[in-house]
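What follows is a single structure, written as structure tokens, with notes after it.
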Amino acid sequence: MLKEKDFNVARAPFGYYKTFEIKCKGHPLSELSRTILPEEVAEKEEEEKAPSEYLVLAHEGEEHFLKLDKIEDCKILDKYPLLKQFILSEELGIRPGEEPSHIKLMRKLELVDYEPASDVGHFRFYPNGTLIKTLLEELALEIAASLGASRIETPLLYRFDEPDIREQALKFHQKDYKLKLPNRTLLLRFAGDFGLFRMMKDVVMSYKQMPVRIFEISPSFRLEQSGECVGLKRLRAFTMPDVHCFCKDLNEALKEYEILFLSYNKIVNAMQIEYVVAFRLVKEFYQKNKHYILKLLGEIKKPALIELLPKAKHYWIMKHEFQEVDSVGGNAQLSTVQLDIEDSERYGILYVDENGEKKGCIILHSSMGSIERWIYAMLEEATKKAKKGVAPMLPLWLAPTQVRLIPVKDEYLEYCQKISDKIDRENIRVDIDDRNQTVAKKIRDAERHWVPLIVVIGEKEINTNQLPVRIRETRELKTFGIEELISEIKRKTENMPFRALALPKLLSKRPIFISS
RNA sequence: GCCCCGGUGGCCAAGCGGUAAGGCAACUGCCUCGUACGCAGUAAAUCGCGGGUUCAAAUCCCGUCCGGGGCUCCA
């Protein structure tokens, strides 16, 4: 339309009228009157699409090259169905196209819900959901501390007119939230790099202090296309724990990389997620460092999909992802580590070397994975178990209720209180179903809410001091002494974060957030 | 953002042009109960929202919001 009239049209953004009659009625502050200059867009680089090569690297050492259009020919994948499904889903977009189960579960378990009064992809967390989120954040903090990373906090909003902020933002395909104030435009952070790079630019680092490790956990906002937001799998607002390591050379960076790789493996294990590994590297780098990749895979005893890029097209030369493959064959990246050799100089993050000279360093960018996505992955894993006939559940350390006491009659309530206090004191989440219901009904409710340990208390228990524990995981009914039960739970939740019950101990006192 | 599908009490849902079934949950009463649903009763629905067609709309049409799938995207 405009082209016909000799205007130089760079592009017509979505959301703006491409054809309209100009009547000049609009208020100057209205949505429709904006100045859009082509240079903003021109900075968006057109990436060449040189094809990647793919292979499966077994942790025992063999390489199995594969063509994406003929992955059936790659026999090793028959041994690793999850990896195969990952390749189908991630690289080829082939999946059954059903709704992932966590969407129903997050509501059924009263954890998380939609909030229509907010934007798409912004959720509300109910008490038990908040409890789980808090525990996971706590885990992230502990992992960061174990890495020796220093925690920082940087702003959520940034000025769009700062050149480096603007440069980073424009690279991100306009997926940022912008806040237009009368005198300036602010950008909501979509990653931690903005504030971190700003901070690091001013930091004085000597080679003696390297590697320097920095941790931040904070909300990030990405204006994903509305059709792309799916439950807790992809959100517009999420919590990102990330670690950046600033290293003086490649050797040191590779050492750090390994430490991160193994730490993040601990995280997914703590959440009992059966994940898949993908590495993406510049081909030349892979050829020189294949032994290194193999060492990493050997430590976690897993094969990996390897994507070889003919040449560097991003800021990293090597990265890997731990990926969830969900109950309906979809996938989502959990954690990632990226080896970045160019951003340091670009953003002026320098250290002083042995000769007193300022030098660029190597940056390891890494994200442990968003907390919300961890919850997605755990709920999906639970469904995968259920499909195999195993009772779905969360890891014990994350179960909102770890032990439920069910008195047979009201008169045993007092005794329940007494032993629950004892269990409480040991940092175990125990509650009591004191509602006026039959035992069978209370058990059914506890099972429906995935309570891992259920104890029915009646006259026999009071007399013998023994507790009959219904164990969800194994579907057995086992008798424990109270101390024995406590130490068993302690053993299973050892070294994991703890928080108290999110709701009143007595079920009769609990409001219902979602009744289903 | 685009295309397809969906939205009915707190939750799950039947009805699909004649004026809102049923189940679960909740509440009240009874039952005091031993390992997945005791019995009875009560209350609870602007049929997502707005507009249109019709004597009549939850049902048909248009718009819009929310959700799911697909496309695209995931630096």
Side-chain angles (χ1 to χ4, degrees), chain A residues 12-16 43-45 47 90 93-104 107-108 110 113-123 167-176 190-191 193 222-231 233-235 313-316 319 321 323 328 330-333 336 338 340 343 365 370 373 391 404-413 433-451 453-462 467-472 475-479 508 510-516:
Chain A
F14 284 124
Y16 295 88
E43 288 178 40
K44 226 185 104 183
E45 46 204 89
E47 262 162 17
E90 167 80 4
I94 299 170
R95 51 193 97 93
E98 291 158 36
E99 176 175 320
S101 64
H102 77 279
I103 294 173
K104 291 242 160 67
R107 306 192 70 243
K108 186 187 150 193
E110 283 191 304
D113 209 346
Y114 296 99
E115 178 46 80
S118 183
D119 191 18
V120 175
H122 291 60
F123 287 76
E167 188 190 340
Q168 283 180 69
L170 288 172
K171 275 203 284 182
F172 198 57
H173 291 256
Q174 299 165 336
K175 283 196 348 185
D176 40 55
F190 52 76
D193 295 1
R222 296 186 182 182
L223 198 57
E224 303 288 357
Q225 299 183 88
S226 58
E228 273 303 327
C229 297
V230 182
K233 184 179 173 185
R234 179 170 291 193
L235 305 175
K313 66 175 181 185
H314 304 293
Y315 53 86
W316 45 265
K319 73 173 221 173
E321 300 144 13
Q323 293 253 3
V328 292
N331 72 287
Q333 174 183 309
T336 183
Q338 301 167 344
D340 173 359
D343 274 354
H365 302 255
S370 94
R373 209 172 253 188
R404 172 154 303 162
L405 304 181
I406 298 180
V408 171
K409 286 193 221 170
D410 293 348
E411 55 189 279
Y412 308 129
L413 190 57
D433 192 345
D434 61 329
R435 295 172 308 165
N436 182 21
Q437 294 288 167
T438 58
V439 172
K441 178 75 175 235
K442 292 182 189 178
I443 289 184
R444 183 178 140 77
D445 279 354
E447 294 284 6
R448 274 205 347 229
H449 289 101
W450 299 5
V451 175
L453 302 164
I454 303 169
V455 185
V456 174
I457 294 188
E459 203 180 341
K460 211 194 312 170
E461 287 67 41
I462 295 178
L467 304 173
V469 182
R470 188 176 159 123
I471 305 167
R472 183 175 177 81
R475 298 202 158 132
E476 329 164 74
L477 196 62
K478 262 172 98 174
T479 304
S508 69
R510 290 185 185 175
I512 294 157
F513 290 86
I514 308 177
S515 49
S516 50

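Note: hydrogens, waters and symmetry copies are ignored here, and every other heavy atom, side chains too, is used. First the proteins, then the strands, lettered A, B, ... as listed; each starts at 1.
- In this structure, CG of A/Asp176 is placed 14 Å from C1' of B/C73, rounded to the nearest angstrom.
- In this structure, the separation between SG on A/Cys229 and NE2 on A/His122 is 9.0 Å, given to the nearest 0.5 Å.
- Not a single donor-acceptor pair under 3.5 Å links the side chain of A/Arg404 to the backbone N or O of A/Asp433.
- Summarising the local packing, CD of A/Glu459 is surrounded by 12 or fewer heavy atoms from other residues, nucleotides or ligands at distances under 6.0 Å.
- With rounding to whole Å, A/Arg444 atom CZ is found 9 Å from B/C24 atom P.
- Atom CZ of A/Arg472 sits about 7.5 Å away from atom CZ of A/Arg475, to the nearest 0.5 Å.
- The phosphate of B/A36 (OP1 or OP2) has a side-chain N or O of A/Arg470 nearer than 4.0 angstrom.
- Using a 4.0 Å heavy-atom criterion, one finds that A/Ala191 contacts the bases of the nucleic acid, with or without backbone contacts as well.
- Rounded to a whole angstrom, the distance from the C1' atom of B/A58 to that of B/G9 is 14 Å.
- Remark: P of B/G29 and CZ of A/Arg435 are 17 Å apart, rounded to the nearest angstrom.
- The closest donor-acceptor contact from the side chain of A/Glu228 to the backbone of A/Gln225 lies at 3.5 Å or more, if one exists at all.
- Contact annotation: A/Lys108 does not reach the phosphate of B/C24 (side-chain N/O to OP1 or OP2, under 4.0 Å).
- Taking atom C1' on both nucleotides, B/G34 is separated from B/G22 by 32 Å, rounded to a whole Å.
- The CD1 atom of A/Ile457 sits 4.5 Å away from the CG atom of A/Leu405 when rounded to the nearest 0.5 Å.
- Panel note: side chain A/Lys442, backbone A/Arg435; a donor-acceptor pair is recorded below 3.5 Å.
- Of the possible polar contacts, one joining the A/Arg373 side chain to the A/Lys233 backbone as a donor-acceptor pair under 3.5 Å is found.
- Counting to the nearest Å, the P atom of B/C27 and the CZ atom of A/Arg510 are 14 Å from each other.
- Spacing between atom CG of A/Asp433 and atom P of B/C33 amounts to 17 Å, rounded to whole angstrom units.
- Of the residues near RNA chain B, A/Glu447 and A/Asp410, the one whose nearest nucleotide (by heavy atom distance) lies more toward the 5' end is A/Asp410.
- Not one N or O on the side chain of A/Gln338 forms a donor-acceptor pair closer than 3.5 Å with the backbone of A/Asp340.
- For the pair A/Glu476 (side chain) and A/Ile471 (backbone), a donor-acceptor distance under 3.5 Å is absent.
- Base engagement by A/Lys460 is indicated by at least one non-hydrogen atom pair under 4.0 Å involving a base atom.
- Comparing B/U59 with B/G52, their P atoms are spaced 14 Å from each other, to the whole Å.
- Formation of a donor-acceptor pair under 3.5 Å by the A/Glu321 side chain with backbone atoms of A/Thr336 is not found in this model.
- Distance CG (A/Asp445) to C1' (B/A26): 13 Å, rounded to an integer number of Å.
- Backbone-only engagement by A/Val439 is indicated by non-hydrogen atom pairs under 4.0 Å involving sugar-phosphate atoms exclusively.
- Taking 4.0 Å as the cut-off between side-chain N and carboxylate O, A/Glu447 and A/Arg470 count as a salt-bridged pair.
- Here the side chain of A/Arg234 is nearest to one of B/C74, B/A36, B/U32, namely B/C74.
- Whole-Å rounding puts the A/Leu477 CG to B/U35 C1' distance at 7 Å.
- For B/C31, its base sits under 3.5 Å from the side chain of A/Asn436 at one donor and acceptor pair at least.
- Within the 3.5 Å criterion, the main-chain N or O of A/Gln333 finds a donor-acceptor partner in the side chain of A/Gln323.
- To the nearest whole angstrom, the two P atoms, one in B/C61 and one in B/A57, are 15 Å apart.
- Closest contact between the side chain of A/Lys409 and the listed nucleotides B/C74, B/U35, B/C33 involves B/C33.
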Per-residue pairing states of RNA chain B in dot-bracket (Watson-Crick or G-U under 3.5 Å; . unpaired, | other strand) read ((((((((.[[[..)..(...]]].(((((.......))))).....[[[[[..)....]]]]])))))))....
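- With distances taken from any side-chain atom of A/Tyr315 to the nucleotides B/A75, B/C37, B/C74, the minimum falls on B/A75.
- Within the nucleic acid shown, A/Ile512 comes within 4.0 Å of sugar-phosphate atoms alone, with no base atom in reach, counting heavy atoms only.
- Between atom OG of residue A/Ser370 and atom CZ of residue A/Arg234 there is a gap of 11.0 Å, rounded to the nearest 0.5 Å.
- Comparing the same atom, P, in B/U46 and in B/U35 gives a spacing of 42 Å after rounding to whole Å.
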Reading nucleotides 65-71 of chain B from 5' to 3' and marking B where a protein heavy atom lies under 4.0 Å of the base, S where only the sugar-phosphate is that close, and - otherwise, the string is --SSSBB
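- Comparing the C1' positions of B/C4 and B/A44 gives a spacing of 35 Å, expressed to the nearest Å.
- Position along RNA chain B of the nearest nucleotide to A/Ala440 versus A/Gln437 favours A/Gln437 as the more 5'-ward residue.
- Remark: the separation of the P atoms in B/G18 and B/A56 is 14 Å, to the nearest Å.
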Shorter than 3.5 Å, N or O on both sides, protein versus nucleotides 7-11 of chain B: list them out with atom names.
unit_1 : atom_1 : unit_2   : atom_2 : d
B/G10  : N3     : A/Ser515 : OG     : 3.2
B/C11  : O4'    : A/Ser515 : O      : 2.6

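- B/G23 and B/U8 have their C1' atoms separated by 15 Å, given to the nearest Å.
- In this entry the distance linking CD of A/Gln338 with P of B/A75 reads 8 Å, nearest Å.
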